[in-house]
Protein chains: 2
Amino acid sequence: MVEYQSPHLDAVFHALSDPTRRAMLHRLSGGEQSVSQLAQPFDMSLAGASKHVKVLEGAGLVSRRVDGRTHYCRLEAARLAEAQAWFRYYERFWSNRLDKLQAILEAEDRESYAGRD
Amino acid sequence: MVEYQSPHLDAVFHALSDPTRRAMLHRLSGGEQSVSQLAQPFDMSLAGASKHVKVLEGAGLVSRRVDGRTHYCRLEAARLAEAQAWFRYYERFWSNRLDKLQAILEAEDRESYAGRD
DNA sequence: TGATAGGTAAACCACATGGTTGAATATCAG
DNA sequence: CTGATATTCAACCATGTGGTTTACCTATCA
């Protein structure tokens with residue numbers, strides 16, 4: 001007797017549990033990237049990186065546009081938003097209105113955040 | 001050359017990727033629960049549920065207080081907050097100030113949310 | 001004391017995961 | 001056509017995961 005649950009949460013949280021994949025998402029936040037471009041920063045075979053991309057795609061966090069032999073990936077923020085929404089239920093444990101408002105303003109005013117995956 | 005990354009994110013997101021564990025957290029949002037109480041709703045052996053609790057504990061999402069033979073678990077919201085904070089960088093993709101403010105007010109005014117894990 | 005209840009530990013199982021290599025498939029460029 | 005580039009696919013491997021069962025330890029209670 002398990003309650004209703006957002007059907008994507010399992011896949012999305014699993015996808016986010018790997019640092020390589022989180023770094024890929026971060027990279028995609030700067031715009032479309034090919035699979036090779038996504039793979040380049042990692043000490044890993046292209047096939048390995050390609051599998052990570054496929055996990056992200058399977059979770060709906062990334063979409064793919066094929067142009068010739070190049071596959072361009074784009075961040076699908078909707079699924080990220082869905083995952084973040086899961087936390088809202090718990091926000092009452094760590095925040096009050098002012099805390100949240102402050103977080104909003106900080107997140108808006110800070111465009112880049114070095115050293116983040 | 002992987003960037004700095006919050007050391008807990010791997011474990012936290014992994015812990016959250018399982019619906020049983022998310023349901024346990026949800027249950028703990030109502031207050032301390034023993035391991036048996038946490039296990040009760042699931043069609044699963046106690047040992048199996050106990051392992052889920054241990055995963056949550058390992059991720060820092062739950063802490064444990066032993067009283068006699070009973071282990072009481074408590075939600076550790078700080079780690080949840082840490083995970084939610086990861087999403088802030090991406091918020092610019094799906095929200096503006098007004099959207100966020102609305103989300104805040106909704107989350108505050110709605111205390112219980114049926115059908116959620 | 002003895003039985004029972006709460007919980008962990010250990011061994012085991014089937015399957016998933018993260019990685020590899022090597023081959024296959026397209027596409028582009030000369 | 002030839003060769004290089006972009007990418008996936010398939011097979012493989014070691015390890016991790018979610019689950020079980022059995023055994024064990026420690027409290028509690030009659």
Side-chain angles (χ1 to χ4, degrees), chain A residues 1-3 5 7-25 27-28 31-74 117, chain B residues 1-2 5 7-28 31-74 117:
Chain A
M1 64 146 279
V2 76
E3 299 140 331
Q5 33 161 332
H8 308 304
L9 282 179
D10 290 18
V12 169
F13 281 135
H14 169 250
L16 294 181
S17 73
D18 185 282
T20 299
R21 290 192 289 262
R22 288 198 306 276
M24 284 177 166
L25 288 181
R27 199 134 218 258
L28 287 172
E32 269 192 352
Q33 301 271 326
S34 72
V35 172
S36 301
Q37 286 174 316
L38 281 177
Q40 179 268 323
F42 304 104
D43 184 19
M44 182 187 302
S45 69
L46 178 63
S50 170
K51 282 167 80 167
H52 280 297
V53 172
K54 202 155 45 171
V55 170
L56 290 168
E57 203 182 4
L61 290 166
V62 154
S63 64
R64 190 187 299 247
R65 168 178 72 86
V66 180
D67 179 21
R69 59 189 166 179
T70 306
H71 295 216
Y72 290 101
C73 299
R74 194 203 325 159
D117 61 334
Chain B
M1 64 147 275
V2 76
Q5 34 163 332
H8 308 304
L9 282 179
D10 289 18
V12 170
F13 281 135
H14 168 250
L16 294 181
S17 73
D18 185 281
T20 299
R21 290 192 289 261
R22 288 198 305 276
M24 284 176 166
L25 289 181
H26 188 251
R27 200 134 215 260
L28 288 172
E32 269 191 353
Q33 301 270 324
S34 72
V35 172
S36 301
Q37 287 174 315
L38 281 177
Q40 180 268 322
F42 304 104
D43 184 18
M44 184 188 300
S45 69
L46 178 63
S50 170
K51 281 167 80 168
H52 280 297
V53 172
K54 201 156 45 173
V55 171
L56 290 168
E57 203 182 3
L61 290 167
V62 154
S63 64
R64 190 187 299 246
R65 168 178 73 86
V66 180
D67 179 22
R69 59 187 170 184
T70 305
H71 296 216
Y72 290 100
C73 299
R74 194 203 326 157
D117 60 333

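Numbered from 1 within each chain, the chains take letters A, B, ... in sequence-line order. The structure presented is a predicted model; accordingly, all values stated were derived computationally and were not measured.
- Atom CZ in A:Phe42 sits about 14 Å away from atom C1' in C:dG18, given to the nearest Å.
- Contact of the A:His14 side chain with the A:Arg21 side chain is registered, since non-hydrogen atoms from C-beta on lie closer than 4.5 Å.
- Of the possible donor and acceptor atoms, one in the side chain of B:Arg27 sits under 3.5 Å from a partner among the backbone N and O of B:Gln37.
- A donor-acceptor contact shorter than 3.5 Å links the side chain of A:Arg22 to the backbone of A:Leu16.
- Between the C1' atom of C:dG6 and the CG atom of B:Leu38 lies a distance of 13 Å, rounded to the nearest Å.
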Got a list of protein N/O to nucleotides 14-19 of chain D N/O distances below 3.5 Å?
unit_1 : atom_1 : unit_2  : atom_2 : d
D:dG18 : OP1    : B:Arg21 : NH1    : 3.4
D:dG18 : OP1    : B:Arg21 : NH2    : 2.8
D:dG18 : OP2    : B:Arg21 : NH1    : 3.1
D:dG19 : OP2    : B:His52 : NE2    : 2.1
D:dG19 : N7     : B:Lys51 : NZ     : 3.0
D:dG19 : O6     : B:Lys51 : NZ     : 2.3

Show me the donor-acceptor pairs, under 3.5 Å and distance only, between side chains in residues 55-63 of chain A and residues at least two apart or in other chains.
unit_1  : atom_1 : unit_2  : atom_2 : d
A:Glu57 : OE1    : A:Arg64 : NE     : 3.1
A:Glu57 : OE1    : A:Arg64 : NH2    : 2.7
A:Glu57 : OE2    : A:Arg64 : NE     : 3.2
A:Ser63 : OG     : A:Glu76 : OE2    : 2.8

Sugar-phosphate or base contact per nucleotide [nucleotides 22-30 of chain D; S, B, -; heavy atom under 4.0 Å]: -----BS--
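- Computed from coordinates, the A:Leu56 CG to C:dT17 P distance equals 13 Å when rounded to whole Å.
- Between B:Lys54 atom NZ and C:dA10 atom P there is a gap of 8 Å when expressed in whole angstrom units.
- Using a 4.5 Å heavy-atom threshold, the side chains of B:Asp10 and A:Asp18 count as separate.
- Within the 4.5 Å cutoff, no side-chain heavy atoms of A:Leu9 are placed close to those of B:Pro19.
- Distance CG (A:Leu46) to P (D:dT5): 13 Å, rounded to an integer number of Å.
- Annotation: the span from A:Ser34 atom OG to A:Asp67 atom CG amounts to 11.0 Å, rounded to 0.5 Å.
- Nucleotide C:dT27 holds its C1' atom 12 Å from the OH atom of A:Tyr72, rounded to whole Å.
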Full working for side-chain contact (heavy atoms from CB on, under 4.5 Å) between B:Met24 and B:Phe42: CA-CA 10 Å; B:Met24 284 176 166; B:Phe42 304 104; 3.9 Å; yes
